[in-house]
Amino acid sequence: MKSLHLFTFLSLLPLAVLSTVLVDYDAARGDAPSVMGHLNIEKAKGDRPKTEDDSLFIRTSVDPAGTPAAHFHRAKGNIRTEYHAMFYETEADKTYYIGYSFSLGVITHNLVLFQWKEFIEQELQRIPLNLEFDDDVLTFNYQAPGVNTKRVRYWGKKLEVGVKYDVGFVIHTGRSSETGWARLYWDGKPVKLEKGGYYVNGTMFQGQTDPKFGAYRGEEVEIDTYVYNVKIGSTWSDVKDVTGW
């Protein structure tokens, strides 16, 4: 009997090892925003202060309705309040499952809420994926490798201020358009893309491509966004509590 129990335990062990939560920020739990990763704040282009002030910060707070959240704030003219998650830790040929819950205090053109960004081989590819506002429509975009390539829109949705949104990404970090792909989920449901199907097929990794969460660009107005959860795992079930899929 003991041998049978041991066999059962060992047979399940590989499944447990394969499931790994890599980042787990939960505002309701009282987590510090730094759980999300490495702080990136920027005033004017290239002006990156080492400490926050009242014009540029990410702080433990609540949203306007009183729900615990990380408050991302930028005064007009400041361009970045982000956390760089998985700081130089993502790897090629892996699949990452990402959950991201947020709400908006303002909606404005060019405001970027998520980046899947290359950090080492930027001359080859800068930002394979992002969520960026085109006027009042949040768009999901892919940019192929190359110096003069343009972002291509795959999906868009009008959002509202003060509404909590639960977003899911599944990104496979292939180094070519044959091996790399991404999927988007919105409020627990798979998004059918405007170009058909559910997959963005493309290069998702060069030398070091990591996720960034928060608020970039849209500096023409004061920005306030609120983040409730950021969770990254190695399996579907790791982030289900955030994505709702």
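The basis for the numbers below is simple: all heavy atoms, side chains too, and nothing from hydrogens, waters or symmetry mates. Nothing fancy with the numbering, it's 1 onward along the sequence.
For Tyr154, the ring pair (Phe, Tyr, Trp, His ring centres under 6.0 Å) test picks out no residue, with sequence neighbours left out. Partners of Lys43 by side chain to side chain donor-acceptor pair (under 3.5 Å), not counting sequence neighbours, listed by chain and number: Asp53. Take Phe169 and apply the ring pair (Phe, Tyr, Trp, His ring centres under 6.0 Å) test, not counting sequence neighbours, and it matches Phe114.
The OH atom of Tyr165 sits 9.0 Å away from the OG atom of Ser103 when rounded to the nearest 0.5 Å. Taking CG from Asn130 and OH from Tyr216, the interatomic distance works out to 10.5 Å, rounded to the nearest 0.5 Å. Distance NE2/His172 to OG1/Thr179: 6.0 Å, rounded to 0.5 Å. Taking OG1 from Thr225 and CG from Leu111, the interatomic distance works out to 7.5 Å, rounded to the nearest 0.5 Å. In this structure, CE in Met204 is found 10.5 Å from OG in Ser176, a value given to the nearest 0.5 Å. Here CG of Leu104 is found 10.5 Å from CG of Asp224. Values are rounded to the nearest 0.5 Å.
At distances below 3.5 Å, at least one donor-acceptor pair connects side-chain atoms of Ser234 with backbone N or O atoms of Thr20. Although no hydrogens or angles enter the test, the distance criterion places a donor-acceptor pair under 3.5 Å between the side chain of Thr173 and the main chain of Asp93. Side-chain N or O atoms of Glu118 include one that pairs as donor or acceptor with a backbone N or O of Glu121 at under 3.5 Å. Not one N or O on the side chain of Glu160 forms a donor-acceptor pair closer than 3.5 Å with the backbone of Gly162. Here the side chain of Trp116 pairs no donor or acceptor atom with the backbone of Ile127 at under 3.5 angstrom. Side chain of Thr60 to main chain of Ala32: no donor-acceptor pair is present (N/O by atom type, distance under 3.5 Å, no hydrogens or angles). Under the 3.5 Å distance criterion, the side-chain polar atoms of Thr90 are matched with a main-chain donor or acceptor of Thr209.
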- Task: Show the numbers, then the answer: is there a salt bridge (Lys or Arg N to Asp or Glu O under 4.0 Å) between Asp135 and Lys158?
- Result: CA-CA 9 Å; Asp135 292 327; Lys158 280 195 174 186; over 6 Å; no
- Message: One pair to check against salt bridge (Lys or Arg N to Asp or Glu O under 4.0 Å): Lys231 and Asp241. What are the steps and the verdict?
- Response: CA-CA 9 Å; Lys231 198 169 187 181; Asp241 57 323; 3.1 Å; yes
- Task: In sequence, state the C-alpha distance, the side-chain angles, and the governing distance for Arg153 and Glu194, and then conclude on side chain to side chain contact (heavy atoms under 4.5 Å, CB included).
- Result: CA-CA 8 Å; Arg153 168 175 160 164; Glu194 294 169 350; 2.8 Å; yes
Tabulate below the donor-acceptor pairs under 3.5 Å that side-chain atoms of residues 45-52 make, not counting sequence neighbours, or state none.
unit_1, atom_1, unit_2, atom_2, d
Glu52, OE2, Ile58, N, 2.7

Going by atom type alone, with no hydrogens or angles, which donor-acceptor pairs under 3.5 Å involve a side-chain atom of residues 180-192 and a protein atom two or more places apart or on another chain?
unit_1, atom_1, unit_2, atom_2, d
Arg183, NH1, Tyr185, OH, 3.4
Asp187, OD1, Asp166, N, 2.9

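By the criterion of side-chain heavy atoms lying less than 4.5 angstrom apart, applied directly or through intervening Ile, Leu, Val, Met, Phe, Trp or Tyr residues, Val230 is not grouped with Tyr97; the two fall into different hydrophobic clusters. When hydrophobic clusters are built by joining Ile, Leu, Val, Met, Phe, Trp and Tyr residues whose side-chain heavy atoms come closer than 4.5 Å, directly or via intermediates, Tyr226 is not grouped with Tyr83. Leu124 and Leu129 are not part of a single hydrophobic cluster, where members link through side-chain heavy atoms under 4.5 Å apart. Placement of Phe140 and Leu159 within a single hydrophobic cluster is found when ILVMFWY residues are connected by side-chain heavy-atom separations under 4.5 Å, directly or transitively. Hydrophobic clustering of Ile, Leu, Val, Met, Phe, Trp and Tyr side chains at less than 4.5 Å, counting indirect connections, unites Leu138 with Ile98.
For the residue pair Ala70 and Ala27, the shortest heavy atom distance occurs at N-CB, 4.2 Å. Annotation for Gly105 and Val161: closest pair O-CG1, 3.7 Å, computed over non-hydrogen atoms. Here the shortest heavy-atom pairing between Gln125 and Gln143 reads NE2-O, 2.9 Å. Nearest approach of Glu222 to Val106, heavy atoms of both residues: O-CG1, 3.6 Å. Minimum heavy-atom separation, Asp24 to Val35: O-CG1, 3.3 Å. Ala215 and Phe72 make their closest contact through N-CD2, 4.4 Å (heavy atoms, listed as atom of the first residue, atom of the second, distance).
Glu132 and Thr139 share no side-chain donor-acceptor pair at under 3.5 Å. For the 3.5 Å distance criterion, the side chains of Tyr228 and Asp63 qualify, holding a donor opposite an acceptor. In this model, no donor atom of one side chain and acceptor atom of the other lie less than 3.5 Å apart for Asn78 and Glu219. No side-chain N or O of Glu220 forms a donor-acceptor pair with one of Thr108 less than 3.5 Å apart.
The stretch residues 66-87 participates, sequence neighbours left out, in these salt bridge (charged side-chain N to carboxylate O under 4.0 Å, His left out) pairs: Glu42-Arg80, Arg80-Glu82, Glu82-Lys212.
Atom NZ of Lys240 is surrounded by 12 or fewer heavy atoms from other residues, nucleotides or ligands within 6.0 Å.
If you look at Phe119 and His84, their ring centroids are closer than 6.0 Å. A distance of 6.0 Å or more separates the ring centres of Phe133 and His109. Residues His38 and Tyr88 keep their aromatic ring centres 6.0 Å or farther apart. Aromatic ring centroids of Tyr100 and Phe102 lie under 6.0 Å apart.
Put simply, the side chain of Ile232 does not reach to within 4.5 Å of the side chain of Glu89, judged on heavy atoms. Taking 4.5 Å as the limit, some side-chain heavy atom of Trp245 sits within range of a side-chain heavy atom of Trp236. Using a 4.5 Å cut-off on side-chain heavy atoms (C-beta onward), Gln115 and Pro211 make no contact. Looking at heavy atoms from C-beta onward, Met86 lies in side-chain contact with Tyr96 at the 4.5 angstrom threshold. Counting heavy atoms from C-beta on, the side chains of Val242 and Ser101 come closer than 4.5 Å. Two residues are said to be in side-chain contact when any heavy atoms from C-beta on lie closer than 4.5 Å; Asn229 and Val227 fail this criterion. Two residues are said to be in side-chain contact when any heavy atoms from C-beta on lie closer than 4.5 Å; Thr203 and Tyr142 meet this criterion.
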